[in-house]
Structures are given as structure tokens and as C-alpha cells.
Undergrad: 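Below: one structure in C-alpha cells.
One-based numbering, in listed order, for ligands and for the atoms of each. All values below were derived from every heavy atom in this structure, side-chain atoms included, with hydrogens, water molecules and symmetry-related copies excluded. Owing to the predicted nature of the structure, the values given are computational and were not obtained by experimental measurement.
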Amino acid sequence: MAKKRTVEERSIDPASQEMLIRADELGLSTAFSRADDMVPCNIGGAGMCCKLCGMGPCRLTKEGQTGVCGATIDTIQARNLIRAIAAGAAAHSDHGRDMAFTLKAVANGQTEGYRIRDVAKLRTVAANYDIPIEGRSPEEIANDLADLYIAQFGQQKGTIAPIIRAPEKRQKLWREVGVLPRGVDREVVEALHRTHIGDDQDAEHILHHAIRTSLADGWGGSLIATDISDILFGTPAPVLGQANLGVLKDDMVNVVVHGHEPTLSEMIVAASQDPEIIAYAQKAGAKGVNLSGICCTANEILMRQGIPAAGNFLQQELAILTGAVEAMVVDVQCIMQALVGLAGNFHTQIITTSPKVKIKGALHIQFDEHKALTIAKQILKTAIDNYKNRGETQIPDHHEDLVPGFSHEYINYMLGGSYRASFRPLNDAIMAGRIRGVAAIVGCNNPRSQHDYLHSYVTKEMLKNDVLVVETGCSAIAMAKQGFLLGDKGLEHVGPGLREILETVGIPPVLHMGSCVDNSRILTVLTQMVAEGGLGDDIDQIPAVGLAPEWMSEKALSIGTYCVASGAYVIFGGANPVSGMPDRVADSDIVLRYLSQGWENLYGGKMEFVTAPEEMVRRTLAHIDRKRADLGLPAYDPLRFGQSGDARMFQLEQLPLAERQAALYGIAGD
Ligand code: XCC
Ligand code: SF4
């Protein structure tokens, strides 16, 4: 049995530490303690176990060994990896499909409570695909767009439509290499077919299809999900929010929404402000209903409505441990089965809502967009009825303010205003070296690594080195809790050049770009940076890196793969699912070499798994500097900028008085 870690070793977040102590006191298990008890299987963990047929499972432990069918370690690793990528792509894309059906239903007046909130985005998106917009009602346009988007999933031939939003050079490359996705479902199904016993048995050929599958997610299902969420619920713009368990309230009915889809949660937001519901809560002795979120459902309503985030992935159980949650309402993805057992120790009701997700022992109130508001009210009344059963509570007194909502549309606007909206200032700042490059820090928490630590470490190192940081998913929530999504707290960690930009534009050190499907927004930003000019003519030339330091979900692998296919260098921290034999080094390992050098030769992007945090930072900066040099940009010089304004004053404050006077007023000391 592995060693039991202290609460400080388990999480860097004080609110989480407090709840972990409470769990220990109450003798209750959490993902943190179960990770200590459950030693990961080192054969499966390295991708060397195959259970694709009934002749196995075959566990390879020696060099040269094969499975019963003769499958080599490389084939087995590649098959395991593509299956994970296909599952991740399926999860994102099925979410996108449901959004498309919702848009269709809204356009045809068949839903309750929804309307088209962002007509401008609807028109822009539709115009991309030559859907007529002039003289037509939003509903007519939305109906056509919904039909087009629904068709992308089952399309059999040709290329999925949203691909046209990638840089032209990239599209041409994908066509030449033969990885343009034909239909979203088709690529996922083919990944499953190829990995059935007796099919594709060439590791590189298998991984070639992994690229195509992931592109169907990033430029297909995920992008569709983001587009439609914006059209129906509004394109995010900065709004004030809060994060961490301290957002729960002792005198209110606490309802936590958890999962990924905005459709139900947006309606719960509306219902929680309904006078009927407020009155119902007051009759039950509470001040009202206090809504908060976990994971990406949190991100969706945080960035659009300013609804607070109670925490990220590893805090779902910790929220229940407060004893203050009347109901946790879950939809799809990242929901731990342990919630139900844990909730049994408190009064918390776990409510499943998706036709795809039930958990034994949870209450199921099935969501239906045709009766969305009615169902949302029913859920809230169930929670309010449960308020009287609340026992002793312990809500950690920790939360931070934050400003999320940096969609690519908003970034474009903030850099130039309504009349000169443009990415020019960003490109210029990178070209001049004020900003060294861009890092997208994304992805999950993983109880095998200290909760939030890697997100925090990598983010701070990037900021210190004048690298602009954008974040999504649980990473964004991790940094929000530490105050980096607001002006002041994070600024002292920011290098002088980047700091000038942040202060001039008036933005926080870390830009929150949304949920996991919203990693498609990062693709759009990179494409716009290419279109703006000065940073090459394709995404792989931009000095940018993607990092998922605490990843755990298969979706993260799909995201990483489509970013590589789009030209980015992607670094995963923690576990390497294809690490192979312990004594193998990357260069002699067919799979690891292909993910790195092989993909880099083809796409200019590469995927690497790096455990040491210092090494993640070193490789990120080296890549950014190499891309700068390739573009002929001046080498990054930390002393060149920021010698004025706040940053300069901050430096001067550190100096002894005489030196400060000399620097400021030219008064020589004695
Ligand atoms: Fe899930 Fe999106 Fe991962 Fe967080 S970051 S643990 S996938 S909620 Ni996408
Ligand atoms: Fe074993 Fe081959 Fe079957 Fe996999 S496919 S379980 S390696 S026999």
C-alpha cells in the first residue's frame, strides 16, 4: 500500500485542505485517499496491457514479448491511445450534437425558456458557411445553421464544414496528409473498427487516424458546441465572479451544478431568480437559492452569468463534505460515482439529469429542453425541500474574486475597441518581444499529483517569463482560486514586458477562455493571429505552447491531439499513458518517437509527456524562443521592456533609498 499523504501534500488549496481534514475526522474517503490506497497498475498505466479480445488480456512486461495474437507493444500502445482519444472526441462531440439539436428546437419554437441571445454571433457563424442572412429572422438562420451542424456528425463523405475556419495553409496540409475529417461520428467509429482484433497493426498508421479523429473533435464537435452555446446563451465578455468553496452560503439553499453542459444549468440560473422559487425557499426558512458550479458546467455559467464556481474537479466531493449542499445536480462527464456514497453521510441529494448518465442511488430527474424551465424549477424545489434536513455545516472561509469571459471575440474587441477591433496589438507585442509567446494552460486535476500545484507552478513561471497565459477548464478554476484572474494579486509574478500590456489593456494576468469544449476558442485565436500577419502564415509558426499539467480525462488527450494536428507543441504533465517498458527511452520507442518527432515532421506540432515541472517550463520556453528565432523576431530580452510605469516603480521600490533617488532624479549618492 502506498503512503498516505498529508493534506498539504494532497492539495495546495487551503479550502480543500480544510475539507480533507474534515474527511479524515469523519472517517470518510475521497479521491485523494483512494488514490493513496489504489496503487496504479504499472502495466496498464504504461499502455502495455491489451484487453481487446477474449484471448487476452495480454500484459506485456518484457522486451520483445507479444500478445497471444502476436500484437507488439507498439501496436498495443497505439491502440490504447487512439481508443482514449476516440472516447474523448466522442464525449465532446456528443455534447456538440446535443447543442445542435437544442438550437434546432429553439429555432422552431419547441423549447421552454430558451431564446437566441447572440444574434450577431449567429449571423457571423452562418455567414461563414454561406447561409443567407440578409432579410431573414434569427430563427430562420438558426434553423439552417442547426441543420448544417447536425449533418456534420453523420456525414459520410467530403469534409466537415467548420474546417474552413482553420488557416488555409493548414487545411491544405491536412488535405495532402489525408487527415481531413469526413464526418464526426465516422472518424470515431473508424478508430474503434481499426482497433478491433485483427485490424490495423501498424502503430504509426493507427496514430495517423488518431489525428483525423481528434480534428473531428476540435474543429468539429467542440467548435460546434462553443458556437451554439454562445448563440443561445451569449458570447462571454468579462463579468465579475467568485471561486472556491467559500461561495457556499450558510443561510441559503445551496445547489451545486456539476458536469459540462450549459443547457440545463442556464435554465437553473433563470429558475433560481424566479420570484416563485425565492418565495418557496423563504417559506422553507432560507434567504433564497445560492447557485454555484463545479468543473465545466461551472465555467459555462461563470463566464456568462457570473455564477460562482465552488471548485474544480477534485473539489466535487469536498463541496459535499461541507454539509451545506442541498443538491448536487449533475449532467455529463467528470462526475465521480463516489458522490452518491459520500452524500449518504450528509443530507445532500445527488440528482442526475442526462438521459445518458444515471448513478445507482441517485435521484434521476430527466432533463428535456422542451420543458426546461419547468424541470429546472422542479429540481430547485427538490433542493429546497431538503433544506430542513441539513445538519452541522463547515464552509471554508476561502474564496477569490475573478473576471472570466475572454472569448476570442472579446479579446479582439478589447485590443482595439469597437472601431478598430483587431489582434494587431497582440501580434505587435509578441513581435517586439514585450510578450515572449503564448501558453495555453488547460485540463484537469488528478489526485495522483498535488491538487492545483502544477497549474500554479507552470502559470507563475510563464508569467514571470513574459509569456501570455490563457486558460480553460479546471486549470482556469485553479488559478481563479489563487487570485490570478483579477488584477492585483497575480501582477507581482508578471514579467515587466507582459505587465506593461496587462496594465495598458487592463486585463488580469491569466485570461479565462471557458470550458473544455472552449479549447476550440484557442484554435480560433491562433487562426486570427495568423490572419493578422507578422507571425508566419500558419499556426505552427506562432511562438505558442499548450500544457495540460494535471490531466486525467480522455478528453484531454483528444484536445492535445487536435492541438498538435493544428501545429502546437503540447506538453502533458503527470502520467504518460504510453510510457512503455521502464528502461525504454523516447528515441527507441516507436510510439513516443512518432508522437514527438513524427508528428512534428508532419504537422509542426508535437506531443510530449513530461513529469518534472521545471522541465515542462524549460521545454516551453525553449520552443517559444526557437519559434521566435525561426520568424526572425528579436530574441527575448527580459530587461528591454517595462522600464516605465508601475513595473519600473515596483523595481525601484526594492532599491535602497540612495540608489532609488539616483535612478529617479539623477541625485548622486555620496
Ligand atoms: Fe473534467 Fe471539464 Fe478535465 Fe476538469 S478539465 S476534469 S475534463 S471538467 Ni477539461
Ligand atoms: Fe491479446 Fe491480441 Fe487479444 Fe489484445 S488483441 S488481448 S494482444 S490476443
Undergrad: Considering only protein heavy atoms, which is closest to atom 4 (Fe) of ligand 2, and at what distance to one decimal place?
TA: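 Here the closest protein heavy atom is Cys50 SG, 2.3 Å.
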Undergrad: Taking only heavy atoms of Gly67, which atoms of ligand 2 are found under 4.0 Å from at least one of them?
TA: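 Those qualifying, in numeric order: 7 (S).
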Undergrad: Inspect the surroundings of NE2 in His193 and state if more than 12 heavy atoms from other residues, nucleotides or ligands are less than 6.0 Å away.
TA: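 Not buried by this count: 12 neighbours or fewer within 6.0 Å.
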Undergrad: For atom 9 (Ni) of ligand 1, which candidate among Cys516, Gly88, Gly259 holds the nearest heavy atom?
TA: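 When every heavy atom of Cys516, Gly88, Gly259 is considered, Cys516 comes closest to atom 9 (Ni) of ligand 1.
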Undergrad: Name the closest protein heavy atom to atom 8 (S) of ligand 2, giving the residue it belongs to and the distance to 0.1 Å.
TA: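 For this ligand atom, the closest protein heavy atom is Cys69 N, 3.4 Å.
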Undergrad: Strictly by modelled atom types, are His92 and Asp217 linked by a side-chain donor-acceptor pair under 3.5 Å?
TA: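 Side chains of His92 and Asp217: pair found under 3.5 Å.
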Undergrad: Determine, considering heavy atoms only, which of Gly443, Ala298, Cys444 sits nearest to atom 6 (S) of ligand 1.
TA: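 Result: the heavy atom closest to atom 6 (S) of ligand 1 is in Cys444.
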Undergrad: So if I count the atoms of ligand 1 from 1 in the order they appear, which ones are less than 4.0 Å from some heavy atom of Lys555?
TA: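 Result: 7 (S).
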Undergrad: About how large, to 10 degrees, is the angle NE2 of His260, then atom 2 (Fe) of ligand 1, then SG of Cys296?
TA: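 Angle NE2(His260)-atom 2 (Fe) of ligand 1-SG(Cys296): 100°, rounded to 10°.
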Undergrad: Would you say Cys53 reaches atom 3 (Fe) of ligand 2 with an N/O/S atom under 2.8 Å?
TA: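 True for Cys53.
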Undergrad: Answer side chain, backbone, both or neither: which part of Gln333 comes under 4.0 Å from ligand 1, heavy atoms only.
TA: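 Near ligand 1, Gln333 shows nothing, with every heavy atom at 4.0 Å or more.
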Undergrad: Give the atom numbers and elements of ligand 2 that come within less than 4.0 Å of a heavy atom of Cys58.
TA: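 Once the distances to Cys58 are compared, the set is 1 (Fe), 6 (S), 7 (S), 8 (S).
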Undergrad: Would you mind running through ligand 2 and noting each atom that sits below 4.0 Å from a heavy atom of Ile197?
TA: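 Here the atoms of ligand 2 in question are 5 (S).
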Undergrad: Are there more than 12 heavy atoms of other residues, nucleotides or ligands under 6.0 Å from atom CZ of Arg59?
TA: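 No, CZ of Arg59 has 12 or fewer neighbouring heavy atoms, counting only those of other groups under 6.0 Å.
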Undergrad: Closer than 4.0 Å to some heavy atom of Gly56 - which atoms of ligand 2 meet that?
TA: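 Those atoms are 6 (S).
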Undergrad: Can you name the atoms of ligand 1, numbered from 1 with element, that are less than 4.0 Å from a heavy atom of Ser553?
TA: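 Those of ligand 1 that fall under 4.0 Å from Ser553 are 7 (S).
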Undergrad: So, is Cys334 placed with an N/O/S atom under 2.8 Å from atom 2 (Fe) of ligand 1, counting both backbone and side chain?
TA: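 No.
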Undergrad: Which atoms of ligand 2 sit under 4.0 Å from any heavy atom of Met55?
TA: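 Within the 4.0 Å cut-off of Met55, ligand 2 contributes 8 (S).
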Undergrad: One residue to check: His196. Relative to ligand 2, which of side chain, backbone, both or neither has a non-hydrogen atom less than 4.0 Å away?
TA: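 Neither; nothing of His196 gets under 4.0 Å from ligand 2.
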